[in-house]
Amino acid sequence: MKILVLISNVPDTTTKIRFTGDNKAFDTSGVQWIINPWDELALTRALEIKEAGGVESITVANVGTAATEPTLRKALAVGADDAIRIDAEPKDAFYVASQLAQIAKDYDLIMSGIESSDYNGAGVGGMLAAMLDIHSVSAVSGVSLENGAFTVQRDIDGGNQKVSVSAPLLVVVQKGIAKDPRIPAMRGIMMARKKPLNVIPAAAVEARTEFLGYEMPEAKAACKMVDEDNAKELIRLLHEEAKVL
Amino acid sequence: MSVLVYTENWEGKFKKLSYELASFASAIAKEMGSTVTALSIGHVADDELKSLGKYGVNKVLNVQDNRFESLDNKAVADAIAKAVASEGAKVVILAHNNEGKAFAPRLTVKLNAGLVTGVIGAPVSVEPFVVKKKVFTQKAFAKIQIKTDVKVLTFAQNSFDVVENQVDTVIEAFDPQIGDDEFTTKVNETNKITGKILLSDAEIVVSGGRGMKGPENWAGLEEMGDLLGAGMACSRPVSDDGWRPKEEHVGQTGKIIAPNLYFAFGISGAIQHVAGVSSSKFIVAVNKDPEAPIFEFADYGIVGDVFKVIPQFIEGIKEIKS
């Protein structure tokens, strides 16, 4: 069995968000790049499934320019076997899914994070599954391989379900899929340098959406402070001033 | 040419979210000079389906087919695509929740459509079709144009007011003709959380962080939650340490919520936490550290001991409730 984990290269979650060029583009100066947190959890779970046996290899794939290679190397350092980078600047979810569809055909399990922490698109996984005409399960917080079929735990509104689906399958995963991401050890980092990272040219695809510009949220009014010994006053303000109680 | 809205139901009933979606669809249809068709899948009584007319839905396609109960992503997306085709819909709207996020991306591939997820508020314009959404996990807004003929949107809850706009509604039975072989998701077990307010539905949320000092100290927060009919939430360290169930974690990698009122007790307000709650209408923060970043985001605050403040809050709430 072969597993493919889709990796998005995103700004560190503590990044101060700024825009340049009349708010037309994200300002990448000084930004630290990381594996998208949900993709990192997907990879962690993939490694656990492999350790339990029956998995031949884990491939990680990313659509991005050469600048994203350190992120793929980190995925190799924690234990992925090989990496694929499709050489393109990602434009929108459809564009990215179309690029990935070139390389994603021969896997039994494809794992994708629920969304990327930058553009929060939540679209690539489902689109890729539809392009490959395979089944998908979304909002997944558990996946395991049992007797050749996948047992998947997913969130539904107001609860959760255990479902089974046969391969090939794409799961869109969220928190809970694995506990903590793994930190690469020195040995892993050394080995990662020798693992294959294949670069594939982009397919000619038109994006279907265009980001026209960005805005920052309006500055908030100062917080109204109430004394600790007079806390009931705050409840009165919520009731009479804010009118939310 | 119409606007099609997928209105999911919860055990045969619609919720505020369904009417919000209908109001949003109806506002778009008005600007485009078209009508609204709702698609309902599952057993919903005619009276309940008709209630959508109050929010501007002209027609309801009613699919009653038990096979869809498995929420097979492929089968449901294909069924929605069939409804879009039969109506000639140009704009398709789903909720930005578990179901919407599962079906919408698949749907765009079927329909050659462009997708924007997590849309907030009314469109900026319908010609060209431009919508707004939050990006960088609530830290900024983006304006995005969809360039395809058919557009698919998932709509963020609590970002559009429910507007009453009574129209006549016709209900039509609809059979999307999905073959048995398309349904491969087999449900083995369903666990419903009962007797609790769902975080995604809650108008008021009571949340605790590390400053609560331990899981044994949640009784006061739970009492507040009960009095207010509020949902319970927590910060990431609290769920990671198992003080509270992981379903309660709100923040960048947990749930993103937008209640009317959010109480943060003993939460410092790390940027990742704020990302999950910044769309709340009002934020109340109680923290012993006057420098805690949460006060930059809060509307009302108390610098002090949570254990002194909580009993006073409970007393205050009891007084206004009586």
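Scope of the values below: all heavy atoms of this structure, side chains included, with no hydrogens, waters or symmetry mates. All chains are named by letter (A, B, ...) in the order of the sequence lines, taking the proteins before the strands, and each is independently numbered beginning at 1.
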Q. Between the main-chain N or O of Gly114(B) and the side-chain N or O of Thr209(A), is there a donor-acceptor pair closer than 3.5 Å?
A. no
Q.
Check this for me, if you would: do Lys192(B) and Asp157(A) make a salt bridge, where the nitrogen-to-carboxylate-oxygen distance has to be below 4.0 angstrom?
A. no
Q: Examine whether an atom of Lys308(B) lies under 4.5 Å from a heavy atom of chain A, and if so say whether it belongs to the side chain, the backbone or both; otherwise answer neither.
A: side chain
Q | Phe94(A) portion near chain B, given a 4.5 angstrom heavy-atom threshold | A | neither
Q. How many angstroms lie between atom CG of Asp133(A) and atom CZ of Arg106(B), to the nearest 0.5 angstrom?
A. 7.0 Å
Q) Distance from Arg154(A) atom CZ to Asn73(B) atom CG, nearest 0.5 Å? A) 6.5 Å
Q: Just do the side chain to side chain contact (heavy atoms under 4.5 Å, CB included) check on Leu115(B) and Met127(A) with the steps written out, would you?
A: CA-CA 10 Å; Leu115(B) 170 71; Met127(A) 284 183 193; 3.5 Å; yes
Q. Is it the side chain or the backbone of Lys15(B) that comes within 4.5 Å of chain A heavy atoms, both, or neither?
A. side chain
Q.
Under 4.5 Å from any heavy atom of chain A, what part of Ala275(B) do you find: side chain, backbone, both or neither?
A. neither
**Q.** Check ion pair Lys147(B)-Glu206(A) (N to O, under 4.0 angstrom)
**A.** no
Q) Between Gly301(B), Ala140(B), Ala102(B), which shows the greatest number of heavy-atom pairs under 4.5 Å with chain A? A) Gly301(B)
(Q) Nearest 0.5 Å, please: how far is CD1 in Ile144(B) from OH in Tyr119(A)? (A) 10.0 Å
Q: Go through the atoms of Ala93(A) and report whether side chain, backbone, both or neither lie under 4.5 Å from a heavy atom of chain B.
A: neither
Q) Given the options Asn97(B), Asp305(B), Val286(B), Val116(B), which has more heavy-atom pairs under 4.5 Å with chain A than any of the others? A) Asp305(B)
**Q.** Side chain / backbone / both / neither for Ile271(B) at chain A, heavy atoms under 4.5 Å
**A.** side chain
Q: Against chain A, work out which of Val187(B), Ile317(B), Leu198(B), Ile314(B) has the most heavy-atom pairs shorter than 4.5 Å and name it.
A: Val187(B)
**Q.** Val130(B), part contacting chain A, at a heavy-atom distance under 4.5 Å
**A.** side chain
Q: Hey, could you give me the CD/CD1 distance between Glu99(B) and Ile156(A), rounded to the nearest 0.5 Å?
A: 8.5 Å
Q: Start with the C-alpha distance between Glu189(B) and Gln161(A), add both sets of side-chain angles, then the distance that settles side chain to side chain contact (heavy atoms under 4.5 Å, CB included), and finish with yes or no.
A: CA-CA 5 Å; Glu189(B) 193 184 315; Gln161(A) 278 184 334; over 6 Å; no
Q) Side chain, backbone, both or neither: which part of Ile134(A) has a heavy atom under 4.5 Å from chain B? A) backbone
Q) Mind checking which of residues 135-142 of chain A sit less than 4.5 Å from chain B, heavy atom to heavy atom? A) His135(A), Ser136(A), Val137(A), Ser138(A), Ala139(A), Ser141(A)
Q | Segment of Leu71(B) engaging chain A (4.5 angstrom heavy-atom cut-off) | A | both
Q. Of all heavy-atom pairs between Val309(B) and Ala231(A), which one has the smallest distance, and what is that distance?
A. CG1-CB, 3.9 Å
Q: For Phe136(B) and Pro11(A), work out which heavy atoms get closest and say how close.
A: CE2-CG, 4.1 Å
Q.
If only side-chain N and O atoms count, and only distance matters, is there a donor-acceptor pair under 3.5 Å linking Thr13(A) with Gln252(B)?
A. no
Q. Is chain A contacted by the side chain of Ser70(B), its backbone, both, or neither, given a heavy-atom distance below 4.5 Å?
A. backbone
(Q) Heavy-atom cut-off 4.5 Å, strictly under: side chain, backbone, both or neither for Glu203(B) against chain A? (A) neither
Q | Positions in residues 23-44 of chain A that reach chain B, provided some heavy atom is under 4.5 Å away | A | Phe26(A), Pro37(A), Trp38(A)
Q) Which one of Lys133(B), Lys134(B), Gln138(B) satisfies the side-chain contact (heavy atoms from CB on, under 4.5 Å) criterion with Asn120(A)? A) Lys133(B)
Q) Just wondering, do Gln145(B) and Phe211(A) contact through their side chains at under 4.5 Å, heavy atoms? A) no
Q. Counting heavy-atom pairs under 4.5 Å to chain A, which of Lys101(B), Lys110(B), Lys255(B), Gln272(B) comes out on top?
A. Gln272(B)
Q. Which heavy atom in Asn188(B) sits nearest to a heavy atom in Val163(A), and how many Å separate them?
A. ND2-C, 3.8 Å
Q.
Only pairs of heavy atoms separated by less than 4.5 Å count here; which of Thr108(B), Asn112(B), Ile204(B) has the most with chain A?
A. Asn112(B)
(Q) Need one label for Asn230(A): side chain, backbone, both or neither, based on atoms under 4.5 Å from any heavy atom in chain B. (A) backbone
(Q) Could you check whether Asp299(B) pairs with Lys220(A) (Lys NZ or Arg NE/NH1/NH2 to Asp/Glu carboxylate O, under 4.0 Å)? (A) yes
Q: Would you check if Lys143(B) and Glu215(A) make a side-chain contact, meaning some heavy-atom pair closer than 4.5 Å?
A: yes
Q | Thr184(B) side-chain N/O to Val165(A) backbone N/O, donor-acceptor pair under 3.5 Å | A | no
Q: Evaluate the side chain to side chain contact (heavy atoms under 4.5 Å, CB included) criterion for residues Val244(A) and Lys281(B): first the C-alpha distance (whole Å), next the side-chain angles of each, then the deciding distance (0.1 Å), finally the verdict.
A: CA-CA 9 Å; Val244(A) 282; Lys281(B) 280 208 179 95; 5.5 Å; no
**Q.** Salt-bridge criterion met for Arg236(A) and Glu319(B) (N-O under 4.0 Å)
**A.** no
Q) Side chain, backbone, both or neither: which part of Ala104(B) has a heavy atom under 4.5 Å from chain A? A) neither
Q: Please flag which part of Phe129(B) lies under 4.5 Å from any non-hydrogen atom of chain A: side chain, backbone, both or neither.
A: neither
Q) Step by step, would you call Gln312(B) with Leu234(A) a side chain to side chain contact (heavy atoms under 4.5 Å, CB included)? A) CA-CA 10 Å; Gln312(B) 296 182 67; Leu234(A) 199 150; over 6 Å; no
(Q) Quick check on Ile146(B) against chain A: is it the side chain, the backbone, both or neither that has a heavy atom closer than 4.5 Å? (A) both
Q.
Checking Asn98(B) against Asp155(A) for the side chain to side chain donor-acceptor pair (under 3.5 Å) test, could you report, in this order, the C-alpha distance in whole Å, the side-chain angles of both residues, the deciding distance, and whether it holds?
A. CA-CA 7 Å; Asn98(B) 287 331; Asp155(A) 276 9; 5.0 Å; no
Q. Is any side-chain heavy atom of Met216(A) less than 4.5 Å from a side-chain heavy atom of Phe141(B)?
A. no
Q | Side chain / backbone / both / neither for Asp78(B) at chain A, heavy atoms under 4.5 Å | A | neither
(Q) Minimum heavy-atom separation for Lys175(A) and Asp240(B), please, with both atom names. (A) NZ-OD1, 3.3 Å
Q) Is it the side chain or the backbone of Phe313(B) that comes within 4.5 Å of chain A heavy atoms, both, or neither? A) both
Q | pair Asp118(A)-Val135(B): side-chain heavy atoms closer than 4.5 Å | A | no
Q) Can you tell which of Thr148(B), Val109(B), Ile302(B) has the highest number of heavy-atom pairs within less than 4.5 Å of chain A? A) Ile302(B)
Q. CG of Asn260(B) to CG of Leu238(A): how many Å apart, nearest 0.5 Å?
A. 11.5 Å
Q | Part of Lys132(B) lying under 4.5 Å from any heavy atom of chain A | A | side chain
Q | Ile17(A) versus chain B, the contacting section by heavy-atom distance below 4.5 Å | A | side chain
